[in-house]
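Indexing begins at 1, ligand by ligand and atom by atom, following the structure's order. Predicted model, so just to flag it, every value in this text is computed and none were measured.
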Amino acid sequence: MSDQHYSFFGAVEKSFDKAAKYTKWDTGILGQIRECNAVYQIRFPLKRDDGSIEVIEAYRVQHSHHKTPCKGGIRFAAEVNQDEVMALAALMTYKCAIVNVPFGGGKGGIKINPKKYSAWELEKITRRYTAELIKKNFIGPGTDVPAPDYGTGEREMAWILDTYSAMHPGEIDAAGCVTGKPVTQGGVRGRREATGLGVFFGLREVCNMEDVMKRLGMTVGVEGKRVVVQGLGNVGYHSAKFFQDAGAKVVGLAEYEGAIWSNDGLDIDAVFNHRKATGSILNFPGANNFEKNGDALEMECDILIPAALENVIDGDNAPRVKAKMIGEAANGPLTPEADEIFAKKGILVVPDMYLNAGGVTVSYFEWLKNLSHVRYGRLEKRFTENLNAHILGQIEELSGKKVADDEREFIMHGPDEVDLVYSGLEETMITATHEIMNAWKANPEIPDMRTAAYVVAINKVGTSYAELGIFP
Ligand code: NAD
């Protein structure tokens with residue numbers, strides 16, 4: 001990075017201020033929207049497997065209480081710091097507002113490289129962190145609901161739930177204290193791939209906009225698009241997979257240890273399995289290695305999807321990026337300097353705070369499932385199938401013709417949980433894409449899509465505060 005002391009929260013504030021001038025809110029309200037409402041710093045000891053003691057540094061930030069509970073993932077990474085967690089919490093507030101998820105923004109972080117700890121040590125850290133959150137009322141189905149983020153997944157969420165439930169005996173809604181849980185522990189089907197699927201739905205919608213594609217010099221639609229993805233974790237893997245399934249060509253993939261490319265396209269699952277078997281993405285049969293993993297970001301392509309960590313494209317490498325469109329699957333992958341460069345070059349940046357909202361959207365569905373204590377589709381699936389069978393029977397009888405078997409299966413099918421979750425996510429991402437694009441079109445002075453997204457978010461949070469009567 002060009003700047004060692006780069007502030008991620010500062011970058012979020014900068015983007016916020018850039019957008020605030022296109023809204024009608026006075027500085028007091030804007031200040032209240034912008035600030036972090038509560039920052040909890042935690043230190044606790046860990047007894048390591050070798051008997052030594054280590055002090056663990058952790059955070060939970062609640063950026064906004066304009067709606068409760070607060071919502072946001074927990075990150076395990078060596079680089080975690082207060083500034084980063086504050087920035088990520090703020091992004092959650094704006095993200096939830098844009099996709100109409102009724103939560104305030106929150107985020108958690110533990111400063112550890114999870115690869116350097118055993119499963120038992122990670123379990124102890126996660127459970128102790130949860131206990132610390134409970135002590136200060138920083139977790140609960142109605143107060144603050146964590147989820148997975150970089151370095152965490154279903155396993156950690158199950159530990160959090162178990163710790164919370166053990167300390168809240170008889171709390172009937174306890175399962176709603178955390179989302180991203182395994183399905184057997186109250187998770188919802190479709191959560192695992194939700195962020196990547198949301199990235200795909202959002203970018204597909206932009207690719208279907210004729211005027212935008214014309215401006216960028218691309219054809220309409222996803223099919224045939226050349227895509228590069230950085231990060232083959234939860235978000236990157238699923239984003240790449242959904243693009244591949246829709247007929248796009250994933251020509252470049254970057255991981256921590258290196259990056260590869262192939263003009264013929266890379267098979268995502270094959271690369272994933274190769275990495276699992278060899279411990280590295282490099283030397284994938286039929287593909288070429290890049291010299292450095294960062295080189296993949298500068299590859300000739302239509303859509304670049306950074307899906308690893310923040311600040312990977314800055315003022316230094318942005319001028320060398322050749323993509324026509326950048327989909328921010330990670331949180332904060334571009335610095336404000338990179339933003340300015342892309343705006344000048346006419347490269348469209350589809351911003352993180354709405355594009356990666358699939359995770360929180362489906363987390364919302366999971367939370368609703370937990371509070372209603374019933375699986376989606378359980379009540380209507382059979383009824384819908386019976387009704388559809390009856391309608392089909394009537395059509396066949398009246399027309400004297402038979403419907404083809406594959407069509408019959410499609411028409412008869414009553415919704416499973418995953419169908420409803422995907423459909424709710426698709427609707428959410430399409431609506432949000434149009435809302436942001438319309439805000440942008442409504443004011444030609446708004447310089448880019450990120451600023452338009454902030455304008456939408458600020459207006460919604462501002463209205464919410466105003467309607468709460470906090471600012472009479
Ligand atoms: P993950 O831990 O599952 O995967 C991240 C991957 O990035 C890992 O495989 C890691 O090795 C790789 N990586 C790290 N540094 C890299 C580098 N320099 N070059 C290439 N690859 C690198 O994490 P995730 O959950 O997929 O999160 C990725 C990003 O998406 C984060 O910014 C996170 O905040 C954001 N996000 C995640 C979710 C979610 O639901 N998990 C939701 C919204 C946003």
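- For an aromatic pair to be called close, the ring centres must be under 6.0 Å apart, and Tyr354 with Tyr94 fails this.
- The neighbour count for Lys322 NZ, taken as heavy atoms of other residues, nucleotides or ligands under 6.0 Å away, is above 12.
- Nearest protein heavy-atom contact of atom 31 (C) of ligand 1 is Ala308 O, 3.3 Å.
- The N/O atoms of Lys115, backbone and side chain alike, include none that comes under 3.5 Å of an N/O atom in ligand 1.
- Only the backbone of Ala329 comes within 4.0 Å of ligand 1, judged by heavy-atom distances.
- Heavy-atom proximity to Tyr150, at under 4.0 Å, picks out these atoms of ligand 1: 2 (O), 5 (C), 10 (C), 14 (C), 23 (O), 25 (O).
- Looking at Val235, Thr361, Asn234 and measuring to atom 27 (O) of ligand 1, the nearest heavy atom belongs to Val235.
- The residue from Val312, Asn293, Ile281 that puts a heavy atom closest to atom 17 (C) of ligand 1 is Asn293.
- Side chains of Ser165 and Asp162: a donor-acceptor N/O pair is absent below 3.5 angstrom, by distance only.
- Note: Phe103 and Tyr364 meet the aromatic proximity criterion, with ring centroids under 6.0 Å apart.
- With atom 2 (O) of ligand 1 as the reference point, the heavy atom nearest to it among Gly72, Gly151, Gly233 is part of Gly151.
- In this structure, the protein non-hydrogen atom closest to atom 20 (C) of ligand 1 is Glu255 C, 3.1 Å.
- Heavy atoms of Arg75 found under 4.0 angstrom from ligand 1 belong exclusively to the side chain.
- Residue-level proximity to ligand 1 for Pro333 is absent, since no heavy atom of it falls below 4.0 angstrom.
- The part of Arg191 lying near ligand 1 is the side chain, judged by heavy-atom distances below 4.0 Å.
- Proximity of a side-chain donor or acceptor of Asn317 to a complementary backbone N or O of Asp314 within less than 3.5 Å is detected.
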